[in-house]
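What follows is a single structure, written as structure tokens, with notes after it.
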Amino acid sequence: MKIISILLLFISSFLSLKHGWDAFQPATAEQTKMMADIGITETVKPFFGVFSIIIGLMILFPQTFFIGNLLNAITILLIMALSLRAGTTSTALLEIPFLALPLVLIWLKYPFRN
């Protein structure tokens with residue numbers, strides 16, 4: 001169980017850091033259209049990027065593990081809600097496994113604590 005928790009911890013942190021970093025890279029036309037469809041403008045993108053990087057780092061430390069995962073789940077839920085509001089159910093459905101990841105991590109608890 002502990003090995004699974006460690007693996008999921010690093011996967012979750014990596015994904016958050018990667019998405020945060022990608023927010024500062026030039027977006028493809030498809031990514032720009034998808035973001036515009038759900039109401040996220042180019043002006044807001046850097047804020048999501050910084051927020052995602054902070055969450056990715058918070059997940060790594062025991063003092064902020066719970067709140068980092070909670071914020072990660074809330075962010076994913078926000079993206080799902082915006083997608084559903086825009087009528088893109090495929091995007092919302094695609095986010096379900098990513099929503100499950102922080103919730104499972106909260107259930108498994110921080111793996112490096114005694």
Side-chain angles (χ1 to χ4, degrees):
M1 212 49 144
K2 195 167 192 165
I3 293 171
I4 293 170
S5 182
I6 291 168
L7 185 63
L8 290 177
L9 172 84
F10 286 122
I11 289 171
S12 182
S13 180
F14 171 77
L15 287 173
S16 290
L17 293 171
K18 183 189 176 307
H19 287 131
W21 179 257
D22 288 346
F24 295 103
Q25 306 306 313
T28 65
E30 182 181 314
Q31 290 171 332
T32 304
K33 182 187 178 323
M34 192 259 319
M35 298 286 269
D37 286 347
I38 64 173
I40 298 174
T41 63
E42 287 294 319
T43 309
V44 177
K45 234 173 83 169
F47 294 106
F48 272 110
V50 169
F51 190 64
S52 185
I53 290 171
I54 291 170
I55 288 172
L57 294 173
M58 287 176 73
I59 292 169
L60 295 174
F61 299 100
Q63 300 87 350
T64 56
F65 176 79
F66 175 76
I67 193 72
N69 278 303
L70 185 64
L71 291 173
N72 198 9
I74 290 169
T75 303
I76 294 167
L77 195 59
L78 174 67
I79 292 169
M80 289 174 74
L82 291 172
S83 297
L84 289 173
R85 185 181 72 173
T88 54
T89 55
S90 60
T91 303
L93 292 174
L94 184 68
E95 294 291 327
I96 291 173
F98 298 107
L99 177 61
L101 184 60
L103 300 176
V104 168
L105 277 169
I106 289 170
W107 176 65
L108 290 172
K109 298 185 179 45
Y110 189 74
F112 298 117
R113 184 176 270 174
N114 291 334

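Shortest non-hydrogen contact noted between I55 and G68 is CG2-O, 3.4 Å. Contact detail for A23 and G49: the closest heavy-atom pair is CB-CA, 3.5 Å. In plain terms, the two heavy atoms of L70 and I106 that are nearest each other are N-CD1, 4.1 Å. In terms of heavy-atom proximity, H19 sits nearest to S52 at CB-OG, 4.0 Å. For G56 against S13, the heavy-atom pair with the smallest separation is O-OG, 2.8 Å. When all heavy atoms of L82 and I38 are compared, the closest pair comes out as CB-O, 3.6 Å.
Relative ring orientation between F112 and F10 is described as tilted, the plane-to-plane angle lying within the 30° to 60° band.
When the side chains of ILVMFWY residues are joined at heavy-atom separations under 4.5 Å, either directly or via intervening members, F48 and V50 end up in two distinct hydrophobic clusters.
For the pair Q31 (side chain) and T28 (backbone), a donor-acceptor distance under 3.5 Å is present. Looking only at distances, no side-chain donor or acceptor of S83 sits under 3.5 Å from a matching main-chain atom of T88. Between the T75 side chain and the L71 main chain, a donor and an acceptor come within less than 3.5 Å of each other. Remark: side-chain polar atoms of Y110 are not paired, donor with acceptor, to backbone N or O of T64 under 3.5 angstrom. Panel note: side chain S12, backbone L8; no donor-acceptor pair is recorded below 3.5 Å.
Put simply, the side chain of I96 reaches to within 4.5 Å of the side chain of M80, judged on heavy atoms.
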